Number of protein chains: 2
Amino acid sequence: MPTSDTKEALLDSAENAARRFGFDGFSYADLAQDVGIRKASIHHHFPSKAKLSLALMERYLSSFKDVCADIDASYATGGAKLTALIERYKAGSDNGQQLCLCAAFSASRDSLAPEVVSQIIGFRAMVSDWITEAFEKGRSDGSICGVTNPSLEATSALSLLEGAQLAARAASEPAAFDAAITLLTMRISLREPPITRIEQP
Amino acid sequence: MPTSDTKEALLDSAENAARRFGFDGFSYADLAQDVGIRKASIHHHFPSKAKLSLALMERYLSSFKDVCADIDASYATGGAKLTALIERYKAGSDNGQQLCLCAAFSASRDSLAPEVVSQIIGFRAMVSDWITEAFEKGRSDGSICGVTNPSLEATSALSLLEGAQLAARAASEPAAFDAAITLLTMRISLREPPITRIEQP
DNA sequence: AAAGCCCTACCTACTGGTAGGCAGGCGTCA
DNA sequence: TGACGCCTGCCTACCAGTAGGTAGGGCTTT
């Protein structure tokens, strides 16, 4: 049983709205209508929009860590891990309707509380580190070709993924995401199949 | 003499604000204070915010075409052209304080007038085509290595550039831009120096 | 005279946020 | 068992401030 159904519903609605419209693009009134409570009642759960955005990033970071851990547990090779992450970003793009929360918040950085900005930076660092490991593994197991500097490759890949989401969003065209990342995916060898995928409940 | 000093000043201010805060992040009141006229007077030049954003993208597209033409006139090799464009995107990032207007508008797509969305798509297509040509030239003159599919490379490069701006913006760290694009720049051979750079007035 | 430009004054709708109240569930203590 | 106080969760009503936009007047330039 979650802490509070309403609180979780508010976070869901807010995350959705933030990733679609940006931080300045949604209001408490929108959330209220979406969740089905009155606008003022939101303040009972989140006293300010800054606190809401903070909780949003906290949840997003922790759930993304889970995703990474899940990928690590499900796939063996660096290439398979990276492929799984790319798939995750593609799904997160939701056919060009959304951005990664990190990208959405980065764009409206100057409207955010300083703590949230720190969280964004932390999020990027976490994902970047994870991708670095994937590249290192991919280099040693041969599943990613042409790896010279894993850390740089990771930084570049992360920017590419967010840029690809941006491109897909502009055109409402999921194919734009695929096109942007093709060069990256082509470097991943599919010789070694992933180990059994753990089913999600 | 420009059409109108005030009109141009409004566009300057609006472009700056849009690239810093996004479409939903600035208001007529902000522009009025910045330019030094009253809020209502803006409507004399731009009857609605939608019209303003339209004019903004029009000017941005045309000025970016000029930039591309200027680069074409100033640099010979594909690698030099691409380098110049990258420099342009880096300058446009303004030490992580701004985004390309196209990227900023892409993020807040759902708040925009449909015509503006079309302009964004057109802008991306234009830049993508230009980069494609640069890659083709770079392949034939040997100034960019490893080029297999210029069109795909261009799509990828554009997403990378916008993603790099996003990364630099999140951290207010210009070095993040450089890190993200290093892999791309490393592919550009500097054997052939650019021809004489035409001075801007 | 007309057009261009900017003004004051005002509008409605909405922003995030506050004040205070009320219903119901919980444990505690008589 | 029942009364008490407290907490959670939501409500209505309201606040000051701001959003984009309108109406109409006046000065200046052509």
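Note that the structure is predicted; figures quoted are calculated from it, not measured.
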K.L.:
Which part of the nucleic acid, if any, lies within contact of A:F46, taking any heavy atom under 4.0 Å across all strands shown: a base, the sugar-phosphate backbone alone, or nothing?
P.N.:
nothing

K.L.:
Any ring-ring contact (aromatic ring centres under 6.0 Å, His included) involving residues 81-104 of chain A? Give me the pairs, sequence neighbours left out, ordered by first then second residue.
P.N.:
A:F64-A:Y89

K.L.:
What residues form a side chain to side chain contact (heavy atoms under 4.5 Å, CB included) with A:S140, not counting sequence neighbours?
P.N.:
none

K.L.:
List the residues meeting side chain to side chain contact (heavy atoms under 4.5 Å, CB included) with B:S111, not counting sequence neighbours, and say none if there are none.
P.N.:
B:F23, B:D24

K.L.:
If the condition is side chain to side chain contact (heavy atoms under 4.5 Å, CB included), which residues does B:A175 pass it with, not counting sequence neighbours?
P.N.:
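Per chain and number, B:A175 pairs via side chain to side chain contact (heavy atoms under 4.5 Å, CB included) with B:E173.
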
K.L.:
In terms of side-chain heavy atoms of B:H43, which of C:dC5, D:dT22, C:dG16 is nearest?
P.N.:
D:dT22

K.L.:
Between atom CG in A:D30 and atom P in C:dA13, what is the gap in whole Å?
P.N.:
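Distance check: A:D30 CG to C:dA13 P gives 17 Å.
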
K.L.:
Anything under 3.5 Å between a donor and an acceptor, one on a side chain of residues 27-42 of chain A, the other on a protein residue two or more places apart or in another chain? List them.
P.N.:
unit_1, atom_1, unit_2, atom_2, d
A:S27, OG, A:A29, N, 3.3
A:S27, OG, A:D30, N, 3.3
A:S27, OG, A:D30, OD2, 3.3
A:Y28, OH, A:F46, O, 3.2
A:Y28, OH, A:S48, O, 3.1
A:Y28, OH, A:K49, N, 3.2
A:D30, OD2, A:S27, N, 3.0
A:D34, OD2, A:S13, OG, 2.6

K.L.:
Regarding B:R19 and B:Q165, do their side chains bring together a donor and an acceptor under 3.5 Å, going by distance alone?
P.N.:
no

K.L.:
Starting from C1' on D:dT22, measure out to OH on B:Y28 and report it in whole angstrom.
P.N.:
13 Å

K.L.:
Return the set of residues passing side-chain hydrogen bond (donor to acceptor under 3.5 Å, both in side chains) with B:D12 (not counting sequence neighbours), or none when no residue passes.
P.N.:
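side-chain hydrogen bond (donor to acceptor under 3.5 Å, both in side chains) list for B:D12, sorted by chain: B:R59.
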
K.L.:
Below 3.5 Å is the cut-off: list the nitrogen or oxygen pairs between protein and nucleotides 11-15 of chain D, distance only.
P.N.:
unit_1, atom_1, unit_2, atom_2, d
D:dC11, OP2, A:R38, N, 2.5
D:dC11, OP2, A:S41, OG, 2.8
D:dT12, OP2, A:R38, NE, 3.3

K.L.:
I need the CD1-P distance between B:I42 and C:dG4, as an integer number of Å.
P.N.:
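Result: 20 Å.
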
K.L.:
Taking only the side-chain nitrogens and oxygens of A:H45, find out if one of them lies under 4.0 Å from OP1 or OP2 of D:dC10.
P.N.:
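For A:H45, the contact criterion (side-chain N or O under 4.0 Å from OP1 or OP2 of D:dC10) is met.
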
K.L.:
Would you mind reading off the distance between B:D24 atom CG and C:dT15 atom C1', rounded to a whole angstrom?
P.N.:
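The distance from CG of B:D24 to C1' of C:dT15 comes to 13 Å, rounded to the nearest Å.
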
K.L.:
Does D:dA19 have OP1 or OP2 sitting under 4.0 Å from an N or O in the side chain of B:S27?
P.N.:
yes

K.L.:
Would you please confirm or rule out a distance under 4.0 Å between OP1 or OP2 of C:dC6 and any side-chain N or O of B:T6?
P.N.:
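For C:dC6, OP1/OP2 do have a side-chain N/O of B:T6 under 4.0 Å.
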
K.L.:
Between C:dC6 atom C1' and B:L31 atom CG, what is the distance in whole Å?
P.N.:
16 Å

K.L.:
Which atoms of nucleotides 24-30 of chain D (N or O only) lie under 3.5 Å from a protein N or O atom, and what are those distances?
P.N.:
none

K.L.:
In residues 48-59 of chain A, what residues come within less than 4.0 Å of DNA chain C, judged by heavy atoms?
P.N.:
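Contacts with DNA chain C under 4.0 Å: A:S48, A:K49.
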
K.L.:
For A:K90, which residues count as a salt bridge (Lys or Arg N to Asp or Glu O under 4.0 Å) partner, sequence neighbours excluded?
P.N.:
A:D178

K.L.:
Looking only at side-chain N and O atoms, does A:H44 come under 4.0 Å of OP1 or OP2 in D:dC10?
P.N.:
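Checking D:dC10 against A:H44, no side-chain N or O comes under 4.0 Å of OP1 or OP2.
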
K.L.:
Could you list the residues that satisfy side chain to side chain contact (heavy atoms under 4.5 Å, CB included) with B:L61, not counting sequence neighbours?
P.N.:
B:K65, B:F123, B:M126

K.L.:
Could you note down all residue pairs passing side-chain hydrogen bond (donor to acceptor under 3.5 Å, both in side chains) where residues 147-158 of chain A supplies at least one of them, sequence neighbours left out?
P.N.:
A:E153-A:R187

K.L.:
Mind running side-chain hydrogen bond (donor to acceptor under 3.5 Å, both in side chains) on A:Q119 and A:R124 for me, showing each step along the way?
P.N.:
CA-CA 9 Å; A:Q119 282 179 314; A:R124 250 203 187 74; over 6 Å; no

